[in-house]
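Values in this document were obtained by computation on a predicted structure and should not be read as measured data. The basis for the numbers below is simple: all heavy atoms, side chains too, and nothing from hydrogens, waters or symmetry mates.
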Amino acid sequence: MNELQRQAYLSALGIENYAPRWLMPSGPVSVACVLPVFDIPVAATPASLEAVTIETRIESKPSAPNVLTAMADLGEQKKAPLAINAAVILQQLEEKKAPVVQPFSLSVYRPQPGFLIIDSRNTKLALPTEVLLNNLLRVHLKAVQPALGEEVLRWPMIENRFVSRTEDDARNELQTWLAVENELRPIHNLWLMGESAARYWLDASSDWAAICWTAQPIKDMSLQALILPSLNQLLQNPSQKSRLWACLP
């Protein structure tokens, strides 16, 4: 390329053709050479517009310190978040959950209108619980043959694995069942036999061993229940029958 054309081209781009880097000892000060005027042929894009655009880009170009600062800020923003251990989070959630109550069932008897007996049910023992209850009621009610028919009350009442099964859930559901039962068939005499039969209708802080053989109020109901050992416990410990007769009205 012709030297004059090259320097004119660089001047049009706003690039310095010459800049002194060193000043020699006792040497004259460098002076930029004055170039003769040289006409550049007009291209498809006007040279003036192209020069203005390039100069604007050059002027808007940030300085090196600003670029480094911007890059540092961008790096801070794009820092990866702290690693989350899913196993630890799941373990913490499990620890906060209330213990799950396994499904259970209770035996319900209605020897006469207004008399409801709820007994802890354990079919694995295969003991003659109905025979014992029949004998007890025959003496207590002074009836030749009490009308006994076991009804099985299962919890949860509806099988749904997505519903929580805590002790509070069991207590709420069974207390609702008893309240509805009392509305449909008013209860005047209630026996709760066994710890699992009494646990969900009494206050959560109640100690079954301490209140056994006594009458206790049912939570949120104007009803009292006689707390007794289960039929299985009476069969396994016959000596408790004497205490049973003593606490019956």
From Gln240 atom CD to Arg243 atom CZ, the distance as rounded to the nearest 0.5 Å
8.0 Å
Could you tell me if the side chain of Trp177 sits less than 4.5 Å from the side chain of Tyr200, heavy atoms only?
no
Indicate yes or no: at least one non-hydrogen side-chain atom of Leu228 is less than 4.5 angstrom from one of Cys212.
no
Taking every heavy atom of Trp201 against every heavy atom of Leu174, the minimum-distance pair comes out as NE1-O, 3.0 Å
With a cutoff of under 4.5 Å between side-chain heavy atoms, which Ile, Leu, Val, Met, Phe, Trp and Tyr residues group with Leu184?
Val180
Contacts of Ser105 that satisfy side-chain hydrogen bond (donor to acceptor under 3.5 Å, both in side chains) - sequence neighbours left out:
Arg121
So how far is it from Leu244 CG to Ser239 OG, rounded to the nearest 0.5 Å?
11.5 Å
For Glu183, check salt bridge (Lys or Arg N to Asp or Glu O under 4.0 Å) against everything at least two apart and list the hits.
none
Tell me which pairs pass salt bridge (Lys or Arg N to Asp or Glu O under 4.0 Å) where either residue lies in residues 193-202, with sequence neighbours left out.
Glu195-Arg199
From Asn182 CG over to His188 NE2, what is the distance, rounded to the nearest 0.5 angstrom?
8.5 Å
Asp119 side-chain N/O to Leu231 backbone N/O, donor-acceptor pair under 3.5 Å:
yes
Could I get the full list of ring-ring contact (aromatic ring centres under 6.0 Å, His included) partners for Tyr109, not counting sequence neighbours?
none
CD/Glu130 to CG/Asn135 distance, rounded to the nearest 0.5 angstrom?
12.0 Å
Any side-chain heavy atom of Thr166 sitting closer than 4.5 Å to one from Val100?
no
Does the side chain of Ser120 pick up a donor-acceptor pair with the side chain of Ser230 at under 3.5 Å?
no
Non-neighbouring partners of Arg185 that pass salt bridge (Lys or Arg N to Asp or Glu O under 4.0 Å), sequence neighbours left out:
Glu181
Taking side chain as C-beta onward, heavy atoms only, is Leu116 less than 4.5 Å from Leu178?
yes
Mind checking salt bridge (Lys or Arg N to Asp or Glu O under 4.0 Å) for Asp168 and listing every partner two or more places apart, or none if nothing turns up?
Arg171
Kindly give the cluster partners of Val152, where membership spreads through any ILVMFWY side chain lying under 4.5 Å from a current member.
none
Rounded to the nearest 0.5 Å, what separation is found between the CG atom of Leu132 and the CG atom of Leu127?
10.0 Å
Taking every heavy atom of Pro217 against every heavy atom of Leu202, the minimum-distance pair comes out as O-CD2, 3.8 Å
Is there side-chain contact between Met193 and Ile118, with at least one heavy-atom pair below 4.5 Å?
no
Show me the pairs that pass side-chain hydrogen bond (donor to acceptor under 3.5 Å, both in side chains) and involve residues 204-213, at least two apart or across chains.
Asp203-Ser205
Would you say the side chain of Arg154 lies within less than 4.5 Å of the side chain of Phe104, judging by non-hydrogen atoms?
no
Which residues satisfy the side-chain hydrogen bond (donor to acceptor under 3.5 Å, both in side chains) test with Gln175, sequence neighbours excluded?
none
Verdict with supporting geometry, Thr214 and Gln216, side-chain hydrogen bond (donor to acceptor under 3.5 Å, both in side chains)
CA-CA 6 Å; Thr214 63; Gln216 296 292 323; 3.0 Å; yes
Checking the side chain of Glu173 only, and the main-chain atoms of Ala170 only, is there a donor and an acceptor separated by less than 3.5 Å?
no
Same cluster or not: Val131 versus Leu133, using hydrophobic residues (I, L, V, M, F, W, Y) connected whenever any side-chain heavy atoms lie under 4.5 Å apart?
no
So do Asp169 and Val101 actually touch side chain to side chain, heavy atoms under 4.5 Å?
no
Any non-hydrogen side-chain atom of Leu190 less than 4.5 Å from a side-chain atom of Gln224?
no
Residues passing the ring-ring contact (aromatic ring centres under 6.0 Å, His included) test with Trp191, sequence neighbours excluded, are Phe115, His140
Do you know the tightest heavy-atom contact between Leu137 and Pro111?
CD1-CB, 3.6 Å
How close do Arg165 and Pro103 get, heavy atom to heavy atom, and via which atoms?
NH1-CG, 3.7 Å
According to side-chain hydrogen bond (donor to acceptor under 3.5 Å, both in side chains), who are the partners of Thr129, at least two apart in sequence or on a separate chain?
none
Gap separating the CG atom of Asn172 from the OG1 atom of Thr176, nearest 0.5 angstrom:
6.5 Å
